[in-house]
Each structure stands twice: as structure tokens, then as C-alpha cells.
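Worth knowing before you read on, the calculation uses all heavy atoms, side chains too, and leaves out hydrogens, waters and symmetry mates. So you know, we letter chains A, B, ... as the sequences are listed, proteins then strands, and number each from 1. Bear in mind that the values here come from a model prediction, so they are computed numbers and not experimental data.
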Amino acid sequence: MTGSVRTRFAPSPTGELHIGGLRTALFGWAFVQANGGQFVLRIEDTDQSRYVEGSVENIYEGLRWLGIEWDEGPDVGGPHGPYVQSERLEKYHAVADELRACGRAYRCFCTAERLAQLRKDQQRDGLAPGYDGRCRGLDPVEAEERARTEPSVLRFRMDRTGTTTFPDLIRGDVTFQNSLQDDFVLLKTDGYPTYHLAMLVDDHDMEITHVIRGEEWLASGPRHLQLYEAMDWQPPRFAHLPVLVDRDGRKLSKRSGDVAALDYRDNGYLPEATLNFLAFLGWSLDDHTTHITPEELTRVFSLDRVVSNPAFFDVERLDALNGHYIRSLDPAAWRNLVADWLDRGLPADIPRPLDADLVTAAAPLLQERVARLDEVAGLSRFLFADLPDYPPELLTERIKGDTELAARTLDAAIDAVEAVSPEAWAPEPVEAALRSLQDTLDLKLRKFVSVLYVAIMGAPRGIPLFDSVALLGRDEALTRLRSARAKLA
RNA sequence: GGCGCGUUCGUCUAGAGGCCUAGGACACCGCCCUUUCAAGGCGGAGAUCGCGGGUUCGAAUCCCGCACGCGCUACCA
């Protein structure tokens with residue numbers, strides 16, 4: 001099948017791109033790359049009422065963030081355009097007419113109220129909800145006449161005998177009883193097609209060979225299969241991806257946390273980490289691979305290694321992966337990221353532009369200590385601004401409230417730092433001076449160093465101390481040390 | 001309610017009858033390293049493979065039943 005594969009990602013512009021949608025897109029894209037073929041982006045905007053301004057741009061941005069490119073789509077064009085469903089209405093109507101002409105579709109005049117009541121009654125009686133077929137037997141000619149003055153929808157006449165079986169690339173053969181199917185809507189009152197019709201027409205026109213979509217579509221498989229059959233079109237192959245679930249085992253939704261793809265970017269996740277994370281949600285390469293690059297993914301991805309059970313969207317794992325990728329960044333790239341995140345994360349009252357040399361010096365101290373980019377500002381704020389006031393108890397938090405030790409430590413530290421002349425101020429002498437406290441106090445550094453962390457950065461832990469003191473400068477370091485000492489007086 | 005799909009360490013998964021006294025990763029615990037915190041190195045604990053029956057010399061792997069979970073059940077996609 002090399003070279004002949006065509007798949008598509010077909011989101012609806014109803015808001016921000018969902019992280020689950022991004023994962024679906026990733027799998028489709030990786031599948032196409034691995035097999036040779038084209039990846040199509042199609043916008044499914046057939047529900048006018050749910051359209052949200054800016055959605056399409058958000059979709060583009062989300063996909064591009066991960067490096068997913070499409071060969072055909074609304075913005076890049078292609079031989080099967082247009083790629084926006086609202087611009088393809090005639091195509092759907094043409095197929096609808098054909099279906100109506102051959103008797104596989106019929107006008108339905110049932111009102112929304114009647115349908116709602118019907119559903120209620122069916123549920124009350126323990127029956128399977130579904131259209132009861134009231135308009136099924138209407139005379140086609142009369143129905144056309146009525147349709148001129150009365151609102152109507154077009155319904156597909158399902159074959160209700162036997163079963164429908166189709167092979168799912170991930171689950172194997174799936175079988176449904178046709179007697180349980182109902183005549184679903186093809187064309188709505190407003191003349192727009194439903195998903196089922198639009199998808200059928202577009203996938204056929206666009207020569208899609210593999211439909212890779214979420215599991216929530218599995219149950220509508222029989223509808224699609226019968227539709228293909230009615231048109232005498234070759235159906236594509238289907239692959240229904242397992243759903244993404246939250247900690248409670250429910251489909252990932254707003255209440256599960258961040259669901260917008262770009263929220264992850266904005267919260268400090270690297271695209272390579274996010275891609276890596278998403279790739280292993282329901283798919284695996286072998287029994288040990290946990291890290292993968294986009295290049296490798298597009299080489300080795302295959303649908304038969306997608307599992308059929310739900311995948312837990314575990315942010316902890318994403319964090320671990322993100323930390324891994326942050327550490328593997330080369331110094332220059334990391335430095336630039338730090339600069340960006342400092343700029344947007346530090347309080348506005350700190351003058352901009354930030355001291356570039358200071359940023360450069362701080363970057364390496366942060367690289368091994370953050371899992372997300374949004375932690376950068378908090379950890380290095382003390383280098384750019386005065387320390388906020390903190391309670392004296394913080395100084396002794398890690399030394400069991402030993403105020404006397406804290407006082408001795410600070411006194412010794414002040415002396416040691418003062419002993420380093422302004423001319424000699426540099427990381428090495430500062431480190432030597434601070435290390436000498438071990439002898440002065442006759443204690444291991446680890447026994448008292450937390451006091452200095454608090455004095456210098458306002459927290460008992462943070463980025464490396466010696467470099468921080470050196471970066472702060474002699475005067476500022478001394479000021480902080482003295483201020484801490486004063487708190488103990 | 002009906003239909004569909006699913007069920008292996010806490011989590012994501014490997015596993016397609018004997019290679020499994022079930023492997024990897026994250027998380028967890030311990031040790032080492034150490035300038036706090038991390039990172040890194042080493043090691044540990046952790047699943048009788050949802051339950052119950054079969055088939056077989058042999059089952060996590062095949063079959064049946066049950067339970068539980070999720071999905072669908074719209075003129076939304």
C-alpha cells in the first residue's frame with residue numbers, strides 16, 4: 001500500500017483544538033508518513049450554531065505546534081478542494097438527490113417536539129430510542145410537494161434486516177444488528193448536511209483510504225457502511241482510536257483539566273515532549289521504547305500496534321517527559337527559552353529588557369531543575385528583584401528551629417563574603433569562601449546551608465547557592481545576609 | 001434500558017498457547033553522588049494477567065458465561 005495511503009483529520013471549528021483531537025491528528029499524520037501518502041486537513045463546519053470564531057486558526061496553530069503538516073487543506077489547497085464543508089454544499093445536495101431518487105432517502109416532516117416526545121416515550125417503555133419511521137411510507141411525489149412549503153429533513157432508509165460487519169483496523173471485525181438501526185438524518189432543515197452525509201461525500205471525493213478517528217464513532221459504523229453501499233462506493237478502511245480518559249476513567253473533558261492543545265504549550269510544555277507523550281497514548285513501539293522523536297515516529301508508526309483499551313492521560317508522565325526534553329536541549333536553545341519565559345513570567349514591575357548576561361548565567365542553573373517552562377520565573381525571580389518579606393521561622397525551617405545555629409551561620413557567612421574583595425568577586429572565590437564556613441562552624445555544609453538558601457533566595461531550596469550568590473553581586477548578597485541576620489535579633 | 005467496545009504492577013503498556021517464576025517506562029521506596037532541591041547512577045517493592053467455567057500435555061494468550069467500566073443511543077460532531 002506504499003504511496004497510496006490518504007488519511008484526514010477533520011475537526012469541527014467549535015472552539016479550541018482538543019488535546020484528544022491533536023492525538024488523533026498525530027496518529028493519522030504519523031500513519032501517512034510511515035506509509036507514504038497524503039494527509040488531508042478538512043474543516044467540518046456543518047453545524048452553524050456551534051461555530052466559534054478563531055477556531056480554524058487555533059486548529060492550524062495546534063497542529064503546527066507539534067510539527068504536523070498537511071498536504072491538502074483549506075489554507076494550502078489541493079486537488080480535491082474546497083476543504084471546508086460549508087463550501088461544499090452542492091456536493092452534498094447532489095448526493096442527497098441521488099439517494100432520494102433511488103429511494104434510499106426520504107423526506108421527513110416530523111417536528112422536533114414530536115421527536116423529543118417519541119424519545120421520551122421510548123425511554124419510559126424501555127425501548128431503544130430511535131426514529132420510528134413515521135414518514136418512511138410517504139408518497140415521494142407528495143412529499144416533494146409538501147417540502148416546498150413545509151420544513152423537512154432528509155432521512156436515510158436503513159436496511160433493517162440482517163447484520164452489518166466491518167473490519168476495524170484496531171479491533172478486528174465489529175458486528176451490529178441492523179434491526180436496531182434507525183433512519184438517521186442526512187440533510188437538516190437548514191439545508192446543511194449532517195456529519196454522516198458530509199463525511200461520506202468528502203471522504204469519497206478526497207479519496208481517503210483510511211479513516212482514523214475516535215472510538216466515539218464506532219457505533220455509527222453501520223450507517224456509514226450502508227451509505228457507502230447505497231452509493232455503490234468503495235468504503236475506506238476504518239481505525240477507531242481508543243478514547244483518552246481522565247483519572248476517573250471518563251472521557252477527557254473540561255472538568256478533567258486542560259483540554260485545549262495550546263494550553264499545554266502555554267503552560268510550559270515542549271512540543272517534542274507533548275508529541276512523545278501523545279504518541280504513546282494507546283500506541284507502543286515495542287516492550288521498552290519510551291522516548292521517540294517525530295522523525296522516528298513517522299518512520300515506525302503502525303496502526304496494528306494501537307491498543308483498543310482507553311488510555312489514561314497522565315500529566316505526571318508528561319511532566320517527566322518534559323523534564324527529560326528540557327535537559328536534552330542544547331545550552332543556546334535553552335537560554336533562549338529561559339529568556340522568553342522569564343520575560344513573560346516575571347512581575348511587570350521588574351524593568352525590561354531583562355539583563356541579558358544575567359539570563360545567560362542563570363539558564364544553566366535552571367536546566368536540571370525544572371519540568372515545565374513556567375517554573376523558570378519562580379525559581380530565578382530572586383536574581384531580578386528584591387526578596388519579598390519572609391518570616392524568621394523560614395530561616396530555621398530545615399534545622400529544627402535552631403535559631404542560634406542560624407545566627408552563627410549568618411554571622412560567619414557575612415564575614416566570609418566580606419572577606420572576598422570586590423575586585424576578586426567571581427564564582428570560585430565565592431564558593432571557596434562559603435565552603436570555608438564548614439571549618440568556621442565545624443559542621444558539614446548540609447547541616448546549615450538551608451539558612452543561606454533562605455537568606456539569599458527566600459526559600460530553603462532552589463537553584464545552586466554559590467553561583468546564585470556570585471550572580472547577585474557582593475553588595476546585594478551582603479544586604480540579604482544582613483537582613484536575614486536582623487530577623488533573628 | 002439497548003447496542004458496541006474494553007478489563008495485565010498505582011499509571012501507560014509489552015505479551016498474538018510453552019521464551020512469562022509476566023518485560024519496560026512513569027510514580028513510589030532505599031542507597032550512592034551531592035551545595036538545598038533536582039538531575040544522574042545502582043538497587044527494591046509492586047500484577048496469582050476482572051471473576052467463573054471450559055478447550056489443551058500446557059492459557060495472560062483460544063471458547064463460553066458473569067461482573068464492572070467506558071462509549072454511542074441528536075436536525076452535535
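Taking only side-chain nitrogens and oxygens, A:Lys188 never comes nearer than 4.0 Å to OP1 or OP2 of B:A74. Close to B:C76, at under 4.0 Å from its OP1 or OP2, lies no side-chain N or O of A:Thr14. Taking only side-chain nitrogens and oxygens, A:Arg446 comes nearer than 4.0 Å to OP1 or OP2 of B:U36. The shortest distance between the side-chain N/O atoms of A:Arg461 and the OP1/OP2 oxygens of B:A38 is not below 4.0 Å. Note on A:Asn178: every side-chain N or O is 4.0 Å or more away from OP1 and OP2 of B:C3. OP1 or OP2 of B:C70 lies within a sub-4.0 Å distance of a side-chain N or O belonging to A:Arg250. An OP1 or OP2 oxygen of B:C75 is reached within less than 4.0 angstrom by no side-chain nitrogen or oxygen of A:Thr194. Under 4.0 angstrom from either OP1 or OP2 of B:U36 there lies no side-chain N or O belonging to A:Lys447. Side-chain N/O atoms of A:Thr189 include none lying less than 4.0 angstrom from OP1 or OP2 on B:C75.
For A:Val307, taking side-chain heavy atoms from C-beta onward, the closest of the listed nucleotides B:U11, B:U13, B:A77 is B:U13. When distances run from any side-chain atom of A:Phe176 to the nucleotides B:G6, B:G4, B:A77, the shortest one goes to B:G4. When each of B:G23, B:A74, B:C26 is scored by its nearest atom to the side-chain atoms of A:Arg119, the top-ranked nucleotide is B:A74. Ranking B:A77, B:A25, B:U35 by closeness to the A:Tyr195 side chain, first place goes to B:A77. Listed candidates were B:C5, B:U7, B:A77. Nearest to the side chain of A:Asn309 is B:U7. Among the nucleotides B:A77, B:C5, B:C75, the one closest to any side-chain atom of A:Val153 is B:C75. Of the listed nucleotides (B:U35, B:C72, B:G6), B:C72 has the atom at the smallest distance from the side chain of A:Glu216.
The partner of B:A67 is B:U7, by the rule that a Watson-Crick or G-U pair needs both atom distances under 3.5 Å. The partner of B:U56 is absent, by the rule that a Watson-Crick or G-U pair needs both atom distances under 3.5 Å. Across all strands shown, B:G40 forms a Watson-Crick or G-U wobble pair, both distances under 3.5 Å, with B:C32. B:C20: no Watson-Crick or G-U partner with both key distances under 3.5 Å is found in any strand. B:U73: Watson-Crick or G-U partner is B:G1, with both key distances under 3.5 Å. Nucleotide B:C49 forms a pair with no other nucleotide shown, judged by Watson-Crick or G-U wobble geometry with both contacts under 3.5 Å.
Distance CD (A:Gln181) to P (B:G2): 17 Å, rounded to an integer number of Å. Protein atom CD of A:Gln438 is 12 Å distant from nucleotide atom P of B:U34, rounded to whole Å. Protein atom OH of A:Tyr453 is 4 Å distant from nucleotide atom C1' of B:U36, rounded to whole Å. At whole-Å resolution of the value, CG in A:Asp314 and P in B:U13 are 11 Å apart. The interatomic distance linking A:Leu471 (CG) with B:U35 (P) rounds to 19 Å, in whole Å. Atom-to-atom, CZ of A:Arg327 to C1' of B:C37 comes out at 13 Å; the value is rounded to the nearest Å. The distance from atom CD of A:Glu215 to atom P of B:C70 is 13 Å, rounded to the nearest whole Å. The distance between atom CG of A:Leu452 and atom C1' of B:C37, rounded to the nearest whole Å, is 15 Å.
The number of heavy-atom neighbours closer than 6.0 Å to CZ of A:Arg114, taken from other residues, nucleotides and ligands shown, is above 12. A 6.0 Å sphere centred on CG of A:Asp286 holds more than 12 heavy atoms belonging to other residues, nucleotides or ligands. Surrounding CZ of A:Arg136 are more than 12 heavy atoms belonging to other residues, nucleotides or ligands, all under 6.0 Å away.
Nucleotides B:G52 and B:C12 are separated by 29 Å at their C1' atoms, to the nearest Å. Here the separation of B:C49 from B:U13, taken at their C1' atoms, is 13 Å to the nearest Å.
Among the protein residues, A:Ser12 comes within range of the sugar-phosphate backbone only, with heavy atoms under 4.0 Å from sugar or phosphate atoms but none that close to a base. Residue-level contact check: A:Ser49 touches neither bases nor backbone, having no heavy atom under 4.0 Å from any strand. Looking at heavy-atom distances under 4.0 Å, A:Gly282 makes contact with sugar-phosphate atoms alone, never a base. Base contact: A:Phe466 has a heavy atom under 4.0 Å from a base atom.
Inspection of the A:Asp47 and A:Tyr195 side chains reveals no N or O donor paired with an N or O acceptor under 3.5 Å.
Between A:His196 and A:His224, the ring-plane angle classifies as tilted under the 30° and 60° cut-offs.
Remark: A:Phe313 engages A:Tyr264, A:Phe277 in a ring pair (Phe, Tyr, Trp, His ring centres under 6.0 Å) (not counting sequence neighbours).
Salt bridge A:Asp205/A:Arg42: absent, no basic N to carboxylate O contact under 4.0 Å.
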